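In what follows, a structure is listed as structure tokens, so that the remarks can point back to it.
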Amino acid sequence: MKLWGGRFEKNTDKSVDDFNSSIRFDSRMYKQDILGSIAHVRMLGYQGIIDPEDSNLIQNTLLDILKDIEDGKVEFEPDAEDIHMNIEKILISRIGDAGRKLHTGRSRNDQVVLDFRMYVKDEICNITQMICTLSETLLDLSESHLDTIMPGYTHLQRAQPVTLAHHMMAYFQMFARDLDRLAGCYKRTDIMPLGSGALAGTTYPLDRYMVAKELGFSQITENSMDGVSDRDFAIELASCLSIIMMHLSRFSAELILWSSGEFDFIEMDDAYSTGSSIMPQKKNPDVAELVRGKTGRVYGSLIALLTVMKGLPLAYNKDMQEDKEAVFDAIDTVKMCLPVFTGMLKTIRFKKENMYKAAGGGFTNATDMADYLVKKGMPFRTAHEVIGKMVLYCTHNKKTLEELTPAELKSFSEIIGEDVYEYISLEACVSGRKVPGGPAREAVKSSIEKGRALIKSFSVNMSSKQELL
Ligand code: ARG
């Protein structure tokens, strides 16, 4: 019989059992469910709501069940619907009536969201650590490429020279924001809902703060109806994960481009590439492509969650059972992508000469040439026009700006002296941009230092949180 079967005269149809059952995906919350129940039942005993001896017996039996699950000795029953009912059923089968007291002052509605919040908190910590590792890889890479000049692009047209370090540190900033977003999401997930009951709280004198403290929550929910029906934290996590994937996907797209014969800026390590079943010459950037491809399914989870929630009247509705698969899939996907992406990035061979050569084409120093004229007293807009004509001349004569002779240069403006060659070298273009946030060595070095401190603080903060779990 179902644990809730009292008011029913018939069994549920087999198809409804299958349809309703969530055990195939929520069994992964077994640990959260057991720890949550232990904290609840300890509090019940402490408050004298149930006999302290029963409370102890339940706690010990739950620990045995946890061990048995971890040893692979427990088979969950699809008919018992979900992880919460399965564990309660096992408990009752082992200790009978004492086990029937576990659910006093609690509903599955507050129980499921407790478990889910605990699960999400733990995974936020795991994902944070993975992003920290990726970010450290970016910092190391940047450190060793402070002077590796490459073209920076706008509209995918060569624009101005930058360094590989500067380019990598742009991605670093994105992941640093992701870490910050995850920390914010953690804060809003770290709220303990037990005591909300089915929706209207409970008449038992529960000590909600005791349960929160024991489970490592920093706050309790303020409103029982919101407590059981808020899934903002899940949506927020899916949104954080979507943005992480968007960043990984942009990065992937760029690496795919760079590894093409047309760019030829990088070579992926054999260990992170695959071949073609027909074309013997092929070496494909599959890892980057798959990361880019998997971004879609994480966005899908976000949209699924937003759509599940958008029409739900207060408070709990069974629709909300759909929240878990979406979040689990998004978490699993991101956790699969991050380490393999980091491994791929670590083993890339950067073809510095090709990058340098590419930076030398496309008139990437044209802005600096205009700035040279401004320094000599010409208004910028006039200088822009003069250099525009010079570029046109160079294009017709297949020359770069620095290949123009002093006489050719003078024909565009009398004020151009021979010191211009030095001024428009790629090295000078980069090293002159010392403005904070710019690509010059000193500027990038200082943002690498700041970045190291930031990552350290995120990593320490999250591991201290994980110890509480
Ligand atoms: N398996 C359910 C879920 O994931 C648990 C809560 C069920 N509550 C209920 N009143 N049916 O949402």
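This is a predicted model, so every value here is computed, not measured. In each ligand, atom 1 is the first atom listed, and ligand 1 is the first ligand listed.
A salt bridge does not link Asp269 with Arg349: none of the charged nitrogens is closer than 4.0 Å to a carboxylate oxygen.
In this view, Asp226 satisfies the side chain to side chain donor-acceptor pair (under 3.5 Å) rule with no residue, not counting sequence neighbours. Residues satisfying the ring pair (Phe, Tyr, Trp, His ring centres under 6.0 Å) test with Phe172, not counting sequence neighbours, are none.
Under a 4.0 Å criterion applied to the non-hydrogen atoms of Ser22, ligand 1 contributes the atoms 1 (N).
For the atom pair Ile38 CD1 and Leu63 CG, the distance stands at 4.0 Å (nearest 0.5 Å).
The aromatic rings of Tyr171 and Phe251 sit parallel to each other, their planes meeting at less than 30°, with 60° as the upper class boundary.
Annotation: atom 11 (N) of ligand 1 to nearest protein heavy atom, Arg108 NH2, 3.6 Å. Scanning the protein for heavy atoms near atom 5 (C) of ligand 1, the closest one is Asp82 OD2, 3.4 Å. Scanning all protein heavy atoms for the shortest distance to atom 4 (O) of ligand 1 gives Lys324 NZ, 2.6 Å. Shortest contact from atom 2 (C) of ligand 1 to any protein heavy atom: Gln321 OE1, 3.2 Å.
Of the N or O atoms in Tyr316, one or more lie within a sub-3.5 Å distance of an N or O in ligand 1. Polar contact check, Asn109 against ligand 1: a nitrogen or oxygen pair lies under 3.5 Å apart.
Residue Gln111 does not touch ligand 1, judged by heavy-atom distances below 4.0 Å.
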Inset, instruction - Dump the intermediate steps for salt bridge (charged side-chain N to carboxylate O under 4.0 Å, His left out) on Asp82 and Arg108, then the final yes or no. - result: CA-CA 10 Å; Asp82 55 25; Arg108 255 190 309 158; 2.7 Å; yes

